[in-house]
Amino acid sequence: MKIKFWQFLLPIILGGMVFYYFIYRDKGISLGFKNLLWIIYGSMIIVIWWIIEGLKLSMLARYVGENIKLLDSLKVIFTGFFLGGITVFSIGTFPGEYVSLLRLGVDVDKALWIVSVRGIMNSIIKGIVAIVIAIFLRNYGNSMFRNLLYSIFLTYGLGILLVYFIIFSKNIYAIKIRGLITKGLIYLEKRYMKLSSHIYRFRVALISQAGMSYVNSFYNWLLLFSIYILSCIILLSFPIFIVRSIGASIRLTDTIIAQAIFYITQSYMPTPGGSGIVELGYDYFLKNISGVSSAEFIMLLRLFTFYLPVLIGGFMSLSLVNRRRMA
């Protein structure tokens, strides 16, 4: 997996342009901390979040009989951060983690299983968060902007949960729905011959995924789900520390909702890691939802949650992606 220099440079340029826009627009912007203790607490929270992300991967590895040390697990996670942060729509995240696992000597099938479950769990958590966001936004008022976000995130959240229910559940209704979908796909295969091979592969993948048991024990599922929820809560609470550290006048609930929204949407943005778009999106959202924004808040938040992990990931990825596979 080759990493081109421009891929690393592009998110930095986009972020730099937006940060310059904030500085030029606001005139006299200051990144000085009014309460340094809060930023220290926030830095500790981010480190804890990184460690939990590493533990999540190590736990999945143990489920398939692989023993990955925490340091190696963190290298995999940061490689995912890095490659996701320098590719459009963050498409490099899971390929980066997959290749890193192979470099650690993990079997191909097991590495694919680990990456697949990580993707599934992340999507489920995002679906739950989207529903919670929708509920909060519904109570914020009746403006068109808020109602639009409410509709989008409620549809997204329910859609994600419905899709995974249909694919994986052994409930009788899920089985019936899968049966109807399979019949529909068979009809489409016969009706559209030019697309029949693609439809066939999708149908086979649907059937195989439905019969696959990712984690055998309910206790293991519950533990895994709890750790994913904890990781999400820690990440979404981090903006509170930034607001406290700079003394911004933004409501804390608004910062959490903003962080949750971009936690979900970042991977759907066309720039690497959402660079530029996310920063401007924070600014636009906070102004519409609470009537106030803070360039200092946005810049520090993105520094800790995106640019710093990408920078660290760039160094860590060198020890995995570019080395030979371990025996």
Determine, using the 4.5 Å side-chain heavy-atom cutoff (strictly less than), whether [X] and [Y] are members of one ILVMFWY cluster.
X	Y	result
F19	Y24	no
L112	I91	no
L280	V278	yes
L74	V47	yes
W50	I48	yes

To check you understand the geometry: which heavy-atom pair defines the closest contact between [X] and [Y], and what is its length?
X	Y	value
V310	G85	CG2-CA, 4.0 Å
D107	E66	N-OE2, 4.0 Å
A260	L236	CA-CD2, 3.6 Å
P11	S275	CB-OG, 3.2 Å
A61	I68	CB-CD1, 3.6 Å
Y307	G276	OH-N, 4.5 Å

Note to self: Apply side chain to side chain contact (heavy atoms under 4.5 Å, CB included) to residues L36 and I40 and explain how you reach the verdict.
What the structure shows: CA-CA 6 Å; L36 184 59; I40 294 173; 4.3 Å; yes
Got a second to check how far [X]'s [atom1] is from [Y]'s [atom2], nearest 0.5 Å?
X	Y	atom1	atom2	answer
I51	I46	CD1	CD1	11.5 Å
I124	Y164	CD1	OH	6.5 Å
S73	I114	OG	CD1	9.0 Å
I77	K56	CD1	NZ	7.0 Å
L230	I234	CG	CD1	4.0 Å
I52	S58	CD1	OG	12.5 Å

Checklist line | Aromatic contact, F238 with F304 (centres under 6.0 Å) | finding: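 Aromatic pair counts; centres sit under 6.0 Å.
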Margin query: For the aromatic rings, using the six-membered ring if either is Trp, is the centroid distance between F78 and F81 under 6.0 Å?
Written below: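 Centroid separation for F78 and F81: below 6.0 Å.
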Next item on the list: Using distance alone, with no hydrogens and no angle criterion, decide if Q266 and S90 have a side-chain donor and acceptor under 3.5 Å apart.
Entry: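 The criterion, which ignores hydrogens and geometry beyond distance, is not satisfied for S90 and Q266.
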Please confirm whether the backbone N or O of [Y] pairs with a side-chain atom of [X], one donor and one acceptor, at under 3.5 Å?
X	Y	answer
R146	I289	yes
S196	Y192	no
S231	I227	no

Check: Are E97 and T79 close enough, and set up right, to give a side chain to side chain donor-acceptor pair (under 3.5 Å), and what steps lead you there?
Finding: CA-CA 6 Å; E97 291 181 357; T79 299; over 6 Å; no
Side chains of [X] and [Y] in contact at under 4.5 Å (non-hydrogen atoms):
X	Y	answer
R244	Y41	no
F89	P270	yes
V129	F153	no
L149	F285	yes
I242	I39	yes
R118	L57	yes
I264	I133	yes
Y263	C232	yes

Notebook entry, point to check: Within 45° of the six-membered ring axis of F306 and under 6.0 Å from that ring's centre, is NZ or CZ of R302 located there?
Noted result: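 Yes, cation above the ring, under 6.0 Å and within 45°.
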Next item on the list: Apply side chain to side chain contact (heavy atoms under 4.5 Å, CB included) to I277 and L14, showing your working.
Entry: CA-CA 9 Å; I277 298 177; L14 291 172; over 6 Å; no
Item checked: Derivation and outcome, side chain to side chain contact (heavy atoms under 4.5 Å, CB included), residues L154 and L158 -> CA-CA 6 Å; L154 183 63; L158 294 177; 3.9 Å; yes
Note to self: Any carboxylate oxygen within less than 4.0 angstrom of a Lys/Arg side-chain nitrogen, looking at R103 and D72?
What the structure shows: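 No, this pair does not count.
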Note to self: Before you tell me yes or no, could you show the steps for Y156 and Y268 under side chain to side chain donor-acceptor pair (under 3.5 Å), namely the whole-Å CA-CA distance, both residues' side-chain angles and the distance that decides it to 0.1 Å?
What the structure shows: CA-CA 13 Å; Y156 174 88; Y268 301 104; 3.0 Å; yes
Check: Could you walk me through whether D283 and S293 pass the side chain to side chain donor-acceptor pair (under 3.5 Å) check?
Finding: CA-CA 6 Å; D283 189 52; S293 182; 2.7 Å; yes
Check: More than 12 non-hydrogen atoms from neighbouring residues, nucleotides or ligands closer than 6.0 Å to CZ on R25, yes or no?
Finding: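 Buried by this count: over 12 neighbours within 6.0 Å.
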Checklist line | Residue pair F262, M269: steps toward the side chain to side chain contact (heavy atoms under 4.5 Å, CB included) verdict | finding: CA-CA 10 Å; F262 291 103; M269 295 180 181; 3.6 Å; yes
Next item on the list: Please work out which of the three classes, parallel, tilted or perpendicular, describes the rings of Y282 and F297, given edges at 30° and 60°.
Entry: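 F297 vs Y282 ring planes: perpendicular.
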Check: For R251 and D254, what are the C-alpha separation, side-chain angles and deciding distance, and is it a salt bridge (Lys or Arg N to Asp or Glu O under 4.0 Å)?
Finding: CA-CA 5 Å; R251 290 191 304 240; D254 293 340; 2.9 Å; yes
